[in-house]
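Data block below; observations after.
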Amino acid sequence: MSTELRTPRLSGSARRLLVHGGFTAIAILYVGVLVVAPLIGIAWAALRGGLSTWTATLSQPDVVHAYVLTGIITAITVVVSSVLGVVVALVVARDRFPGRSLMSAFVDLPLAVSPVIVGVMAVLLFGRGGWFEPWFSARGIQILFALPSMVLVTMFICIPFVIREVVPVLQELGVSEEEAASTLGASSWQTFLRVTLKNIRWGLLYGIALTTARAIGEIGAVLIVSGSITGKTETATLYILRAFDQNHRPGLDRPARGYRGVQAAGGEEAADMTCGGIR
Amino acid sequence: MSAQTLERPSVPRPGGGAGPRPWVTVRTAMARWGLRGTALLYLGLMIVLPTVVVVARGFGSGVSAFRDALTTPGAQEAIVLTVVLAAVTALINVVFGTELAYVLVRYRFPGRRLLSTIVDIPFAIPTLVTGVMLRALYGPISPVGAFLGRHGIQVIFAQLGILLALLFVTLPLVVRAVQPVLLELDETEEEAARVLGASRWLTFRRVVFPKLRPGIVAGGLLAFARALGEFGAVVIVSGNIIGKTLTAPVLITQLINGGKPEDAAAVATLLFGLSFVLVLVTERLLATGRKETS
């Protein structure tokens, strides 16, 4: 009897180890093959060309312009979507009115809609025959193929990030601290700055990080609205896409000639983008 | 609850000083309407308006829009390919993503935090760079790509490459949807099941899984929606061969660049309709999930 009890327990702990080890190994293997291997691949491709190709590529005026443009779009997007995102988060977490749940469904919508569709939306609004096209063209304001539409589509895509990070923090927080502050005589603005903002800062920062990463990397929507005019409306990602496209026309089964050169150039560009993209 | 707390200053507080109560009420109301108005205006202009336009323009012409979408050369194949690949992506990542979340939450092993950080990397990398990375790794000039090529496995300019790109991009969506639910789970219930003689597998199936289901389904649907619309990671890897590796988002950009915005809008509307239904389903599931846990 005692041996019968002991044997399963021993083999039980051995089995436990086996199961834990097995599951951990599967998890590490999956992430390794899917995520880590391509990272190593790009590092290998980027370093193979040597540093001279790096500096040569990065000193081209078009490339510099592309990076500056990406920076401008990202900065505007981050500022607007953080400030207004906190406002929306406050309303979603604290306010109650009919249609509030519909509102939070709309907040999530950009996560599910393809960036390409977002670009098409902008074309339908501001393009020829679009709802707003007469108004803006009468005033000589260029929206499509210019900065405004590029910022607008990037903002659309980045709206959910700050809101989704801040809302749960606000819900968990409750309002007792804020009430205490206002009871002690703080103005609502003081309460917001000293209590609310301080409490949500980590969630807000993570949301901003996600927004920045996404804004830097956005391509589908920007490709459609910008027209990717080199030196004018070409962002960093659009430059990389062009670097690939020039030497390889889509629709070919076999990699075209010059593939090797593109691979090197694109690899370097991309490696640089990666450094910028990782927060 | 929150409506009350927002209005609380208007309720006379016991023991409180005789402050300028009515003024506070007016200011609170102003602040509330200011916030509410700003939020509604922002979301209304940025999200609702463009959505309404797509729906009005796309579905306004009724069935003919769908006929246009499906008669555009290559569109039918592109949409079928996109939906199938997105579904396969969601299924694979639901299995491995849930397993990863479980390992990350429940097991302690060296490198656990590193693994957790690596899972977030796809969020931080521009999606186009994902495509570049895959080409660097599996392209014909890399050792790995050459090796696979010799064994007859083509990754780049093939559906396998698209699948890898989609799996990469959507992995964190599933893990981050399941993880919080797992963190909140009470482990004593599992222990009770085990003590009562249930096997590991039975415990997982009957005790853990039912609680995780809303998170898993939500994560899977998010992954599916994201995979349906992915452009950056796919465009470089796929080679965009009509009828073979051309996905719907890439087709839409080609139509726009080719000066056919009407055809692009038709295909976009179809894709949009699919995503929109998915969001509604996810929202409903998350809501029921929250109700169950609270």
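Protein chains get the first letters and strands the later ones, always in sequence-line order, with residue 1 at the start of each.
No other option in B:Thr253, B:Ile47, B:Ile256 has as many heavy-atom pairs under 4.5 Å with chain A as B:Ile47. Of the residues considered (B:Val119, B:Leu222, B:Leu171), B:Leu171 shows the highest number of contacts with chain A, using heavy-atom pairs under 4.5 Å. Taking A:Ala112, A:Gly220, A:Gly127 one by one and counting their heavy-atom pairs under 4.5 Å with chain B, the maximum is reached by A:Ala112. Counting heavy-atom pairs closer than 4.5 Å to chain A, the top-ranked of the candidates B:Leu246, B:Thr51, B:Leu134, B:Leu228 is B:Thr51. With chain B as the partner, the residue from A:Val120, A:Ile224, A:Val107, A:Thr24 showing the most heavy-atom pairs under 4.5 Å is A:Thr24. Residue with the most contacts toward chain A among B:Thr127, B:Leu164, B:Val48: B:Val48 (heavy-atom pairs, distance under 4.5 Å). For the set A:Ile159, A:Leu111, A:Val123, the count of heavy-atom pairs under 4.5 angstrom toward chain B peaks at A:Ile159.
Against chain A, the residues from residues 96-104 of chain B that qualify, each with a non-hydrogen atom under 4.5 angstrom away, are B:Phe96, B:Glu99, B:Leu100, B:Val103 in number order.
Contact annotation for A:Tyr30: only side-chain heavy atoms (C-beta onward) come within less than 4.5 Å of a heavy atom of chain B. Of the atoms belonging to B:Leu43, it is side-chain heavy atoms, and not backbone ones, that fall under 4.5 Å from chain A. Heavy atoms closer than 4.5 Å to chain B are found in both the backbone and the side chain of A:Leu34. If you measure heavy-atom distances from B:Phe168 to chain A, the contacts under 4.5 Å come from both the backbone and the side chain. Neither the backbone nor the side chain of A:Thr211 comes within contact range of chain B; no heavy atom of the residue lies under 4.5 Å from a heavy atom of that chain. Within the 4.5 angstrom heavy-atom criterion, only side-chain atoms of B:Val235, from C-beta onward, approach chain A. For a residue to count as touching a neighbouring chain, one of its non-hydrogen atoms must lie under 4.5 Å from one of that chain's; by this rule B:Arg200 touches chain A with the side chain only. Both the backbone and the side chain of A:Leu152 come within less than 4.5 Å of a heavy atom of chain B. Residue contact with chain B, scored on non-hydrogen atoms closer than 4.5 Å, involves the side chain of A:Phe132 exclusively. Only the side chain of A:Val91 comes within contact range of chain B, judged by heavy atoms closer than 4.5 Å.
Here the side chains of B:Pro50 and A:Leu125 are in contact, with some heavy-atom distance below 4.5 Å. Contact check for A:Val31 versus B:Leu115: side-chain heavy atoms found under the 4.5 Å cut-off. Taking 4.5 Å as the limit, some side-chain heavy atom of A:Leu241 sits within range of a side-chain heavy atom of B:Ile236. Residues B:Thr38 and A:Leu84 meet the side-chain proximity criterion, which asks for heavy atoms closer than 4.5 Å. Side-chain contact between A:Ile28 and B:Phe109 is present, with at least one heavy-atom pair separated by less than 4.5 Å.
By the 6.0 Å contact criterion, CZ on B:Phe204 is enclosed, its count of non-hydrogen atoms from other residues, nucleotides or ligands being greater than 12. Within a 6.0 Å radius of CZ in A:Arg128, other residues, nucleotides and ligands contribute 12 heavy atoms or fewer.
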Worked check of side-chain contact (heavy atoms from CB on, under 4.5 Å) between A:Phe244 and B:Leu128: CA-CA 11 Å; A:Phe244 269 86; B:Leu128 184 71; over 6 Å; no

What do the steps show when you test A:Trp131 against B:Val53 for side-chain contact (heavy atoms from CB on, under 4.5 Å), and what is the final call? CA-CA 8 Å; A:Trp131 288 9; B:Val53 170; 3.6 Å; yes

side-chain contact (heavy atoms from CB on, under 4.5 Å) between A:Phe23 and B:Arg106, worked out: CA-CA 11 Å; A:Phe23 277 126; B:Arg106 286 294 165 80; over 6 Å; no

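The distance from atom CG of A:Leu39 to atom CD1 of B:Ile118, rounded to the nearest 0.5 Å, is 8.0 Å. Atom OG of A:Ser114 sits about 11.5 Å away from atom CG of B:Leu274, to the nearest 0.5 Å. Within the model, atoms CG of B:Leu35 and CZ of A:Phe192 stand 8.5 Å from one another, a figure rounded to the nearest 0.5 Å.
Nearest heavy atoms, A:Ala45 versus B:Ala136: CB-CB, 3.8 Å. Across B:Tyr138 and A:Val33, no two heavy atoms sit closer than the pair OH-O, 4.3 Å. The minimum heavy-atom distance linking B:Tyr42 with A:Gly85 is given by the pair CE2-N, 4.4 Å. Nearest heavy atoms, B:Pro249 versus A:Val116: O-CG1, 3.6 Å. Residue B:Ala268 comes nearest to A:Ile117 through the heavy atom pair O-CD1, 3.5 Å, listed as atom of the first residue, atom of the second, then distance. Heavy-atom minimum distance, A:Arg96 versus B:Arg36: O-NH2, 3.8 Å.
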